[in-house]
Amino acid sequence: MRVRFAPSPTGFLHIGGLRTALYNYLLARKHGGVFILRIEDTDRSRFVPEAEQDILDCLAWAGLEFDQGPEKEGDCGPYHQSKRSTLYEAAADTLVESGNAYIAFDTAEEIEVMRERHRTQDNPSPRYDLITRSEMSNSLTLSAQEVERRVGSGEPHVVRLLVQPGKSVQFDDFVRGTVTFESDTVDDQILVKSDGLPTYHLANIVDDHEMGITHVIRGEEWLPSTPKHILLYEALGWTAPRMAHLPLILSPTGGKLSKRNAEKQGIPVTVRQYRDAGYEPQAVVNFLAMLGWNPGDERELFSLEELVEAFSLERVGQAGVQFDLQKLSWYNQNYLRGRSSADIAGQMHPRITEQFGECSLESVVAAIDLMKERMVYAHDILEAAFLFERPLAYDEKSVKKKWKEDSGDLLKSFTRVLESTQHWTSDGLESALQSAIAELDIGVGQLMFPVRLALSGQPSGPGLYDMMVYFGRAETLFRLNDAAQRLP
RNA sequence: GCCGCGUUCGUCUAGGGGUUUAGGACGCCGCCCUUUCACGGCGGUAACACGGGUUCAAAUCCCGUACGCGGUACCA
């Protein structure tokens with residue numbers, strides 16, 4: 001088995017592209033096959049220089065290692081279509097010679113005029129096909145000498161696929177079963193553009209054949225052009241690979257998860273955005289895997305290795321799937337919890353020192369220990385500012401609600417108990433507080449809430465005693481006294 | 001318009017003729033835990049698009065309709 005992921009470097013890698021790459025990767029690994037990365041850079045007008053590096057970075061980030069591709073030569077390179085021109089030229093020549101393709105000289109304007117002429121209410125976009133090609137300037141309507149003269153004089157021209165009418169083009173799709181198209185509904189696809197570069201359709205099938213691709217796994221948007229590809233394989237006398245068209249990822253409101261559509265709803269569309277937003281790569285991978293595929297049992301959490309084990313094309317769904325950011329967060333929370341506090345602390349330490357000033361790595365580890373259960377993203381730790389600096393202000397609502405006239409005095413009384421507390425541990429501090437409220441003859445809440453407020457400035461947070469242990473005696477006493485002074 | 005693909009809780013889905021009072025997960029709601037918030041535990045909410053057929057029996061098979069999505073480029 002040989003599969004490939006073949007993105008175009010026209011922009012940053014789309015999240016849907018990553019899913020396509022993932023499914024290809026999983027299938028290859030599952031069957032001990034080869035996973036190839038091929039850069040389809042045949043559109044010069046949309047070429048984005050940084051795009052290729054982004055594709056490489058994002059695949060690496062997600063842990064999808066390819067076997068062959070740019071900077072990883074294998075048995076069928078090069079892996080950029082821009083470096084494989086001779087292959088496409090040869091295929092185009094073969095097709096023209098065998099009468100399966102022809103040369104056309106029409107300019108964009110001439111084609112537009114033809115479309116205008118044939119346009120009706122019922123046919124808003126006339127094709128270049130059986131009906132119309134006879135009235136255009138191409139090697140089917142011009143004499144051989146005239147064609148030769150025009151080509152010889154350097155007149156711009158394209159190569160078009162000659163689609164024969166009345167044929168039923170059929171193929172078996174792994175996820176959709178048998179799909180049939182009538183050749184009458186297929187247009188004479190341009191194979192070689194007037195700049196001499198092949199279109200996707202030609203380059204793609206030439207490369208898939210040359211690279212020995214056995215399974216093509218791609219998005220459903222390619223389904224309508226598959227009959228063209230099948231026709232090309234037939235015309236070249238090649239065996240077509242097996243096809244699998246994946247359900248499209250839709251926006252939560254339906255419709256394509258396009259840049260505009262998605263960003264309006266706060267959904268990142270490029271993999272880079274997920275990386276930058278602090279998503280765990282495993283969470284993204286796991287989430288993406290479940291978007292259109294399921295293992296057939298009730299498991300939800302899968303490592304990449306487990307996905308390889310469980311994956312199969314048979315269990316890929318057929319209906320479009322809506323993207324759900326909340327489910328992704330749930331995955332993220334799960335994978336974050338799976339990481340050690342030391343690991344997360346190591347990642348976040350630089351940002352914490354940058355934001356709050358110098359602090360030891362050990363203290364960050366302790367802070368993560370305190371917060372981990374209530375974090376969804378690694379950077380959530382930054383929101384718990386009180387762990388790294390003294391509260392600048394106290395949550396107004398809580399003060400209004402919980403801070404009573406005697407709270408300051410109670411806090412001061414408590415500091416006297418804490419000064420002499422023997423065991424500065426969670427248990428020791430709990431009994432210290434218990435004895436304090438017994439002595440003062442008050443309810444637990446009357447003391448607990450002011451203490452929490454004094455320590456964190458917040459109405460909620462980690463366990464009170466654990467927090468005191470984290471701060472230590474001196475800092476705890478300082479914050480208690482400070483609050484008693486600053487609050488009314 | 002035409003061509004193609006699709007349609008089970010709000011979302012991702014299981015189920016593919018009888019085992020289904022349609023199962024799980026996310027979300028939402030409630031209770032418990034915790035005198036905080038989260039985590040966790042327990043419970044609840046909520047779906048077979050519609051209409052015909054086939055059959056003793058249909059979410060499951062067939063046909064139609066509706067709706068959604070994709071394609072309809074010298075883009076991929």
Side-chain angles (χ1 to χ4, degrees), chain A residues 6-11 17 40-46 104 106-108 111-112 115 119-128 156-160 173 175-177 179-182 184-187 189-201 203-204 218-227 245 247-248 250 252 254-256 287 290-301 315 317-331 333 337 371-376 380 398 402 443-449 451-453 456 458-464 467:
Chain A
S8 277
T10 54
E40 306 217 325
D41 52 351
T42 56
D43 185 352
R44 286 187 309 177
S45 64
R46 293 202 304 156
D106 320 281
T107 63
I111 291 170
E112 189 41 45
R115 290 214 171 102
R119 206 185 315 270
T120 62
Q121 193 93 56
D122 282 352
N123 183 14
S125 55
R127 294 185 305 264
Y128 199 116
H157 60 276
V158 301
V159 176
R160 282 183 183 269
D173 191 282
V175 345
R176 278 149 227 291
V179 183
T180 311
F181 287 85
E182 298 307 321
D184 302 54
T185 67
V186 178
D187 70 349
Q189 180 63 51
I190 289 181
L191 303 175
V192 180
K193 297 175 275 187
S194 57
D195 65 2
L197 293 177
T199 56
Y200 170 88
H201 306 280
N204 189 262
R218 68 212 322 186
E220 197 191 346
E221 73 269 27
W222 292 109
L223 200 55
S225 42
T226 305
H245 287 93
L248 257 22
L250 273 20
K256 214 155 73 168
F287 169 70
M290 306 302 272
L291 221 49
W293 171 84
N294 75 82
D297 54 40
E298 286 172 355
R299 289 176 295 165
E300 299 272 345
L301 265 9
R315 296 207 65 86
Q318 333 186 51
V321 288
Q322 291 188 21
F323 194 93
D324 181 7
L325 215 48
Q326 279 187 310
K327 187 103 182 201
L328 212 207
S329 314
W330 177 76
Y331 275 112
Q333 186 177 37
R337 243 183 271 165
M371 291 296 294
K372 202 155 125 193
E373 287 291 279
R374 57 209 84 208
M375 288 163 62
V376 175
D380 283 347
S398 311
K402 307 273 191 183
V444 184
Q446 276 177 276
L447 185 53
M448 243 185 160
F449 284 110
V451 172
R452 173 174 296 284
L453 206 56
S456 70
Q458 302 294 321
S460 61
L464 197 58
M467 241 185 337

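None of these values were measured; they are calculated from a predicted model. Sequence lines set the chain letters: A, B, ... in the order given, protein chains first and strands last, and positions in each chain run from 1.
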What is the nucleic acid contact for [X], judged by heavy atoms within less than 4.0 Å: base, sugar-phosphate only, or nothing?
| X | value |
| --- | --- |
| Pro252(A) | nothing |
| Gly317(A) | nothing |
| Gly219(A) | nothing |
| Thr42(A) | sugar-phosphate |
| Phe449(A) | sugar-phosphate |
| Val444(A) | base |
| Ser8(A) | sugar-phosphate |

Taking [X] for its side chain and [Y] for its backbone only, find out whether a donor-acceptor pair lies under 3.5 Å.
| X | Y | result |
| --- | --- | --- |
| Ser8(A) | Glu40(A) | yes |
| Asn204(A) | Tyr200(A) | no |
| Arg127(A) | Asp184(A) | yes |
| Arg119(A) | Pro124(A) | yes |
| Lys256(A) | Leu248(A) | no |
| Arg115(A) | Ser125(A) | no |
| Ser194(A) | Pro156(A) | no |
| Asp173(A) | His245(A) | yes |
| Arg452(A) | Pro462(A) | yes |

In whole Å, what is the span from the [atom1] atom of [X] to the [atom2] atom of [N]?
| X | N | atom1 | atom2 | result |
| --- | --- | --- | --- | --- |
| Gln322(A) | U13(B) | CD | C1' | 13 Å |
| Leu464(A) | A38(B) | CG | P | 17 Å |
| Met467(A) | U34(B) | CE | P | 18 Å |
| Glu40(A) | A76(B) | CD | C1' | 8 Å |
| Trp293(A) | A25(B) | CH2 | C1' | 14 Å |
| Leu197(A) | C75(B) | CG | C1' | 13 Å |
| Lys372(A) | A38(B) | NZ | C1' | 15 Å |
| Glu221(A) | G70(B) | CD | P | 10 Å |

Nucleotide nearest [X] when distance is taken to its side chain, options [options]:
| X | options | answer |
| --- | --- | --- |
| Leu250(A) | G1(B), C74(B), C69(B) | C69(B) |
| Ser125(A) | C12(B), U35(B), A73(B) | A73(B) |
| Trp330(A) | U36(B), C26(B), U13(B) | C26(B) |
| Glu298(A) | C74(B), G24(B), G71(B) | G24(B) |

For [N], which nucleotide is its Watson-Crick or G-U wobble mate, given both distances must be under 3.5 Å?
| N | value |
| --- | --- |
| C37(B) | none |
| C3(B) | G70(B) |
| U11(B) | A25(B) |
| U54(B) | none |
| A49(B) | U65(B) |

- Note on the structure: The answer to which of Asp106(A) and Glu373(A) contacts RNA chain B further toward the 5' end, by nearest nucleotide, is Glu373(A)
- Identify, between Met448(A) and Met290(A), the residue whose nearest nucleotide on RNA chain B lies closer to the 5' end. Met290(A)
Using the [atom1] atom as the reference point in each nucleotide, state the distance between [N] and [M] in Å, no decimals.
| N | M | atom1 | value |
| --- | --- | --- | --- |
| A38(B) | G30(B) | P | 12 Å |
| U21(B) | A47(B) | C1' | 15 Å |
| C62(B) | U45(B) | P | 33 Å |
| G44(B) | C26(B) | P | 15 Å |
| A58(B) | U20(B) | C1' | 13 Å |

Is [X] near enough to [N] that one of its side-chain N or O atoms lies under 4.0 angstrom from OP1 or OP2?
| X | N | result |
| --- | --- | --- |
| Arg315(A) | G15(B) | yes |
| Thr199(A) | C75(B) | no |
| Lys256(A) | G68(B) | no |
| Lys193(A) | C75(B) | yes |

Pull out every protein N or O sitting under 3.5 Å from an N or O of nucleotides 2-9 of chain B, one pair per line with the distance.
unit_1 : atom_1 : unit_2    : atom_2 : d
C5(B)  : O2'    : Arg176(A) : NH1    : 2.6
C5(B)  : O2'    : Glu220(A) : OE2    : 2.9
G6(B)  : OP1    : Gln318(A) : OE1    : 2.8

- Does the side chain of Leu301(A) reach to within under 4.5 Å of the side chain of Tyr331(A), using non-hydrogen atoms? yes
- Return yes if the base of C39(B) and the side-chain atoms of Arg374(A) contain a donor-acceptor N/O pair under 3.5 Å, otherwise no. no
